[in-house]
Amino acid sequence: MTPDTLSLMNLLAVDCLPRIIERGHLQITVIPEVTQEVLRYSESRMIAELQAGLVKLLDEGQIRQVPIEPCHHVDVYCRLYPTLSTVSVCCAILAQQQQSRLISDSQKILSILAKEMPKLMTTTSVGVLKEWHDNQVLTQEELVATVHHSASFFSPSARHPLRHWWLNQL
C-alpha cells in the first residue's frame with residue numbers, strides 16, 4: 001500500500017502496525033517526501049511518538065521509500081497537478097507503478113483520482129482497519145483496542161462511508 005502523508009500518520013497511530021507488518025499482512029511503500037512531511041510536522045507530543053515509530057519502521061526496513069520523479073511521468077503529472085499537490089500526484093504514480101492501493105483520507109484526493117485514474121485502487125485508513133478485521137488479521141478485541149487508541153489521533157469524517165462502522169467499534 002502507498003499512503004499519502006495524512007494516511008501514513010493515521011496508520012502510524014495504529015499501535016499494532018509493526019506487528020501487522022511483521023506478520024506480512026501489510027507492505028508500505030512511500031515516497032521520500034511523505035516521510036519528510038511526517039518528520040517535519042511538529043504539533044504535539046503525540047506526533048513525536050508517531051515520528052519515532054516511523055523512524056524505527058524505516059530503520060528496520062519495514063517501510064520502503066521509493067523516489068518518484070514527476071518529469072518521468074509527464075502525462076499523469078500534467079493531468080493531476082492542477083488540482084493536486086506534487087506529493088499527492090507522486091503518491092498516485094507510485095501506487096500505480098507498484099500496482100498497490102493508494103491510501104488517502106482526503107475525499108478531495110480520492111474523488112479526483114477516481115475520475116482521472118479510474119483503474120487506481122484506493123482506500124482510506126479506516127478502510128484498512130476494516131479490511132484487517134474482515135480478513136481476521138485483527139480479532140474483534142484487537143480491533144476495538146486499536147480503534148480506541150487510534151481515535152485520539154484520527155476519526156473518519158461524518159460523510160465517510162465507514163463512519164458508522166468506526167463508531168460501532170468505540
Side-chain angles (χ1 to χ4, degrees), residues 1-14 16-39 41 50 54 57-58 61-138 143 146-147 150 153-166 169:
M1 293 193 183
T2 305
D4 62 15
T5 304
L6 178 59
S7 297
L8 179 59
M9 290 175 70
N10 290 344
L11 288 175
L12 291 168
V14 174
C16 60
L17 179 67
R19 185 170 34 91
I20 290 170
I21 292 172
E22 287 172 10
R23 289 181 186 168
H25 295 291
L26 179 66
Q27 292 180 341
I28 297 178
T29 307
V30 298
I31 60 172
E33 292 84 355
V34 166
T35 301
Q36 293 163 7
E37 285 184 356
V38 171
L39 294 176
Y41 199 83
L50 300 181
L54 173 60
L57 290 169
L58 287 167
Q62 293 184 329
I63 292 180
R64 286 186 327 123
Q65 294 186 91
V66 176
I68 294 293
E69 293 296 329
C71 61
H72 297 287
H73 307 276
V74 175
D75 57 330
V76 175
Y77 186 78
C78 289
R79 198 168 69 239
L80 296 175
Y81 182 68
T83 53
L84 296 177
S85 71
T86 299
V87 171
S88 295
V89 174
C90 289
C91 287
I93 291 169
L94 177 60
Q96 183 180 48
Q97 272 188 304
Q98 302 279 315
Q99 297 182 351
S100 67
R101 281 187 292 168
L102 175 81
I103 308 170
S104 180
D105 290 315
S106 166
Q107 195 55 49
K108 174 188 172 189
I109 291 171
L110 293 173
S111 296
I112 291 168
L113 291 175
K115 178 182 173 192
E116 297 295 332
M117 297 177 77
K119 293 182 180 178
L120 182 68
M121 298 176 292
T122 61
T123 191
T124 64
S125 300
V126 176
V128 171
L129 291 177
K130 184 172 186 319
E131 180 182 308
W132 289 343
H133 179 255
D134 292 348
N135 292 332
Q136 299 177 345
V137 173
L138 293 176
L143 175 69
T146 296
V147 169
S150 302
F153 294 93
F154 72 95
S155 178
S157 70
R159 294 186 331 199
H160 193 289
L162 295 175
R163 171 113 174 138
H164 182 70
W165 174 86
W166 172 272
Q169 309 311 314

message = Under a plain distance cut-off of 3.5 Å, with no hydrogens placed, do S104 and D4 share a side-chain donor-acceptor pair?
response = yes
Determine all donor-acceptor pairs shorter than 3.5 Å in which one atom belongs to a side chain in residues 69-77; sequence neighbours excluded.
{"unit_1": "Y77", "atom_1": "OH", "unit_2": "T86", "atom_2": "OG1", "d": "3.1"}

message = For the CG atom of L110 and the CD atom of Q107, what is their distance to the nearest 0.5 Å?
response = 5.5 Å
query = Would you call S106 and L6 a side-chain contact if the rule is heavy atoms closer than 4.5 Å?
reply = no
request  = For the residue pair V38 and L50, establish whether any side-chain heavy-atom pair is separated by less than 4.5 Å.
outcome  = no
key: Check: T146 and H133 side chains under 4.5 Å, non-hydrogen atoms   = no
Check: W165 and V126 side chains under 4.5 Å, non-hydrogen atoms = yes
inquiry  = If I take atom CG from residue L94 and atom CG from residue L102, how far apart are they, to the nearest 0.5 angstrom?
reply    = 9.0 Å
task = Output the distance between atom OG1 (T124) and atom CD (E131), rounded to the nearest 0.5 Å.
result = 10.5 Å
query = When rounded to the nearest 0.5 angstrom, what distance separates CD1 in I109 from OG1 in T83?
reply = 9.5 Å
request  = Taking S7 for its side chain and D105 for its backbone only, find out whether a donor-acceptor pair lies under 3.5 Å.
outcome  = yes
inquiry  = Test side chain to side chain contact (heavy atoms under 4.5 Å, CB included) on V128 and M1; report intermediate values, then the result.
reply    = CA-CA 10 Å; V128 171; M1 293 193 183; 3.7 Å; yes
inquiry  = So I31 and I93, do their side chains get closer than 4.5 Å, heavy atoms only?
reply    = no
Gap between atom CG of L54 and atom CG of L11 - 0.5 Å precision = 11.0 Å
message = Within the 4.5 Å heavy-atom criterion, are N10 and I103 side-chain neighbours or not?
response = no
task = Would you check, one step at a time, whether the test side chain to side chain contact (heavy atoms under 4.5 Å, CB included) holds for V89 with I68?
result = CA-CA 10 Å; V89 174; I68 294 293; over 6 Å; no
request  = Kindly give the heavy-atom pair with the smallest separation between H160 and L162, and that separation in Å.
outcome  = ND1-N, 2.9 Å
Beyond-backbone contact of P67 with E33, side-chain heavy atoms, under 4.5 angstrom = no
Point-to-point distance, once rounded to the nearest 0.5 Å, from CG of L143 to CD of Q169 = 4.5 Å
Contacts under 3.5 angstrom, residues 18-30 side chains, donor-acceptor by atom type, not counting sequence neighbours:
{"unit_1": "R19", "atom_1": "NH1", "unit_2": "E142", "atom_2": "OE2", "d": "3.1"}
{"unit_1": "R23", "atom_1": "NH1", "unit_2": "V137", "atom_2": "O", "d": "3.3"}

key: Partner residues of W166 under the ring-ring contact (aromatic ring centres under 6.0 Å, His included) criterion, sequence neighbours left out   = F154
inquiry  = How close do C91 and V34 get, counting heavy atoms only, and between which atoms?
reply    = SG-CG2, 3.5 Å
inquiry  = Looking at R101 and M121, would you say the former's side chain and the latter's main chain have a donor-acceptor pair under 3.5 Å?
reply    = no
